[in-house]
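Chain naming here is simple, since letters A, B, ... match the order of the sequence lines and numbering starts at 1 in each. Here the structure is a predicted model, which is why all the values come from computation and not from measurement.
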2 protein chains.
Amino acid sequence: MTRPQQTISEKTIERLSVYRRYLKELQKQGKERVYSHELSKLVSGTPAQVRRDLMPVGGNGCSSKGYEVNLLIEEIAKLLDCNDKQNIALIGAGNLGRALLGYLSGSRDNYDIVALFDNDPEKYGRVICGKRCYCIDQLAEKIKEYKITTAILAVPGEAAEATAEILIGTGIKAILNFAPKHITTSSTVFIETLDITKALEKAIYFSRKNT
Amino acid sequence: MTRPQQTISEKTIERLSVYRRYLKELQKQGKERVYSHELSKLVSGTPAQVRRDLMPVGGNGCSSKGYEVNLLIEEIAKLLDCNDKQNIALIGAGNLGRALLGYLSGSRDNYDIVALFDNDPEKYGRVICGKRCYCIDQLAEKIKEYKITTAILAVPGEAAEATAEILIGTGIKAILNFAPKHITTSSTVFIETLDITKALEKAIYFSRKNT
DNA sequence: CTAAAGTTGTGAAATCTTGCACAGCGTGAT
DNA sequence: ATCACGCTGTGCAAGATTTCACAACTTTAG
Ligand SMILES: NC(=O)c1ccc[n+]([C@@H]2O[C@H](COP(=O)([O-])OP(=O)(O)OC[C@H]3O[C@@H](n4cnc5c(N)ncnc54)[C@H](O)[C@@H]3O)[C@@H](O)[C@H]2O)c1
Ligand SMILES: NC(=O)c1ccc[n+]([C@@H]2O[C@H](COP(=O)([O-])OP(=O)(O)OC[C@H]3O[C@@H](n4cnc5c(N)ncnc54)[C@H](O)[C@@H]3O)[C@@H](O)[C@H]2O)c1
């Protein structure tokens with residue numbers, strides 16, 4: 001019985017990532033099984049949504065006993081990570097870039113920041129948080145060398161589009177962008193922009209609307 | 001003719017924030033009018049969506065001449081900011097917190113981080129990036145004093161839920177949360193969680209799915 | 001063994017969001 | 001003055017996502 005493998009929505013992928021994080025916590029606590037309604041509370045969803053999200057990961061999930069935590073983590077990993085550690089590049093070793101580096105350098109077993117890039121001679125050539133920082137000119141070369149498929153873009157807004165173009169040119173497949181710029185491309189590269197200002201302005205707006 | 005003022009969706013609010021940012025750039029460039037199809041390109045949407053988003057901001061928008069940039073910025077500001085500068089608190093002056101502080105301390109005219117809070121004696125009592133850092137124990141007191149309605153939460157995951165509870169207790173109205181924890185509450189406080197790991201795992205997943 | 005309680009997987013309904021398409025209008029050309 | 005063009009505002013359809021609701025199954029108790 002092979003998986004139907006119809007495309008999975010972005011939202012479902014996001015929630016699977018979140019479920020997995022909680023599942024790992026449960027695993028640490030020694031919990032062996034979990035019900036959809038437990039997961040749903042951790043995430044403000046409904047049990048039905050959790051069950052639907054879990055459908056494409058493969059049907060372990062046993063009536064009346066719920067899901068087996070270990071197995072579920074494994075199956076989600078198969079789907080999200082393809083059992084394959086991904087090499088990531090971080091472009092822009094500024095304030096945000098270094099914070100991210102510290103945050104993401106911890107014990108992640110499914111991806112790893114393997115190279116930094118910057119155009120500031122003060123920064124490239126050094127090792128920051130245990131990772132080598134290269135000159136931005138070496139981007140294409142190093143991305144090939146390290147087999148990097150995903151990049152985190154943390155350069156100033158003015159440089160974001162041009163840098164993204166270069167990245168796309170190197171054959172990279174996805175970009176997580178922190179610059180407050182929408183990056184347009186005709187290629188099929190997946191671009192996710194995390195727009196902090198947008199999130200804050202939204203919070204401010206709704207701070208006035210609630211009750 | 002008063003605005004219908006039916007509730008505006010979260011997605012529309014987010015896009016309005018983004019439109020405004022681009023409009024301000026256009027303004028700087030001296031552009032006076034803009035068409036929905038121009039805005040839509042900057043954001044990968046359709047012109048129809050832009051027009052629909054702009055409907056609740058009040059109908060300036062003139063056939064054949066498009067929207068007047070200055071006016072549109074003003075109208076969006078009325079909606080998003082209520083012509084009112086918001087005071088924001090930043091909880092957790094760690095790596096991310098300080099990066100955010102630097103980023104958000106620039107020339108924002110609609111909100112301002114006015115106070116920091118931390119539980120580390122090394123940090124509170126000081127002035128960081130021009131803002132005073134208080135001990136977390138003074139949270140309630142200072143939030144009242146500064147009339148703060150929105151908080152940015154950048155404390156470690158373990159402390160996030162407890163800190164959010166305290167925040168909610170102070171009567172705050174919205175929280176922008178960076179900790180990788182879902183914050184559950186029965187109150188009507190608006191909570192937006194910006195989950196960076198989730199975004200990265202999503203990017204990694206789609207890096208493999210595209211073409 | 002049977003029944004009760006509680007859970008999964010999923011079709012179908014409900015809701016939310018986006019895109020189409022066109023009436024109506026302002027503009028500029030003829 | 002008239003007309004063609006291109007844009008806005010919006011009813012409505014299409015699409016996407018969430019929720020409901022129930023059959024099927026497992027476990028536990030009697
Ligand atoms: N700091 C934050 O908390 C924060 C929050 C939200 C968004 N952002 C966005 O993230 C980006 C980075 O912010 P930051 O605060 O780290 O800025 P920063 O100025 O501290 O760092 C930017 C880094 O990029 C490098 N750089 C500049 N141009 C480059 C280029 N062409 N190629 C390679 N490297 C280049 C600089 O040398 C510097 O090291 C900006 O777009 C900013 O808008 C930052
Ligand atoms: N650094 C990043 O780029 C990054 C990215 C994504 C998410 N996050 C999340 O953001 C949060 C902060 O990350 P960070 O890298 O800045 O961590 P950090 O350890 O550098 O900073 C945390 C700060 O919070 C303070 N703190 C701890 N407990 C507190 C409490 N109970 N009350 C008040 N202050 C308290 C600490 O003293 C410290 O200053 C974490 O939840 C982390 O998971 C960070």
Practice task
State which of C:dG26, D:dT10, C:dT18 makes the closest approach to the side chain of B:Ala48.
Solution key: D:dT10

Practice task
With the side chain of A:Ser9 defined as its heavy atoms from C-beta on, choose the nearest nucleotide among D:dT17, D:dG9, D:dT18.
Solution key: D:dT17

Quick one: are [X] and [Y] in side-chain contact, heavy atoms under 4.5 Å?
{"X": "A:Lys85", "Y": "A:Asp112", "result": "yes"}
{"X": "B:Leu23", "Y": "B:Ile76", "result": "yes"}
{"X": "B:Ile183", "Y": "B:Leu153", "result": "yes"}
{"X": "A:Ile8", "Y": "B:Tyr205", "result": "yes"}

Problem - Cation-pi check, B:Arg51 onto B:Tyr67 ring (under 6.0 Å, within 45° of axis) - result: no

Practice task
Establish, yes or no, whether the cationic atom of B:Arg108 lies under 6.0 Å from the six-membered ring centre of B:Tyr103 and within 45° of the ring axis.
Solution key: yes

Exercise for the section: For the helix from C:dC1-D:dG30 to C:dT30-D:dA1, figure out the bend between the end axes, five pairs an end, and round to 10 degrees. Expected result: 0°

Exercise for the section: Taking A:Lys173 for its side chain and A:Gly171 for its backbone only, find out whether a donor-acceptor pair lies under 3.5 Å. Expected result: yes

Exercise for the section: Determine whether more than 12 heavy atoms belonging to other residues, nucleotides or ligands lie under 6.0 Å from atom CD of A:Glu10. Expected result: yes

Problem - Greater than 12 external heavy atoms within 6.0 Å of A:Glu25's CD - result: yes

Nearest-Å distance, [atom1] ([X]) to [atom2] ([N])?
{"X": "B:Arg33", "N": "C:dT27", "atom1": "CZ", "atom2": "C1'", "result": "12 Å"}
{"X": "B:Leu54", "N": "D:dT10", "atom1": "CG", "atom2": "C1'", "result": "14 Å"}
{"X": "A:Met55", "N": "C:dT10", "atom1": "CE", "atom2": "P", "result": "5 Å"}
{"X": "A:Leu72", "N": "C:dG9", "atom1": "CG", "atom2": "P", "result": "10 Å"}
{"X": "B:His37", "N": "D:dG6", "atom1": "NE2", "atom2": "C1'", "result": "9 Å"}
{"X": "A:Asp53", "N": "D:dA16", "atom1": "CG", "atom2": "C1'", "result": "14 Å"}
{"X": "B:Gln49", "N": "C:dC16", "atom1": "CD", "atom2": "P", "result": "17 Å"}

Distance test, side-chain N/O of [X] to OP1/OP2 of [N], below 4.0 Å:
{"X": "B:Lys65", "N": "D:dT8", "value": "no"}
{"X": "B:Arg51", "N": "D:dT8", "value": "yes"}
{"X": "A:Tyr35", "N": "C:dG9", "value": "no"}
{"X": "B:Thr46", "N": "C:dG19", "value": "yes"}

Problem - Residue-level proximity of residues 11-21 of chain B to DNA chain C when a heavy atom falls under 4.0 Å - result: B:Lys11, B:Arg15

Problem - Side-chain donor/acceptor contact of B:Arg52 with base of C:dT18 under 3.5 Å - result: no

Exercise for the section: Check whether the side chain of A:Ser64 and the base of D:dT27 form a donor-acceptor pair under 3.5 Å. Expected result: no

Handout entry: Pair A:Arg98 + A:Asp118: basic N to acidic O under 4.0 Å
Key = no

Handout entry: Of A:Cys62 and A:Glu10, the one whose closest DNA chain D nucleotide lies more 5'
Key = A:Glu10

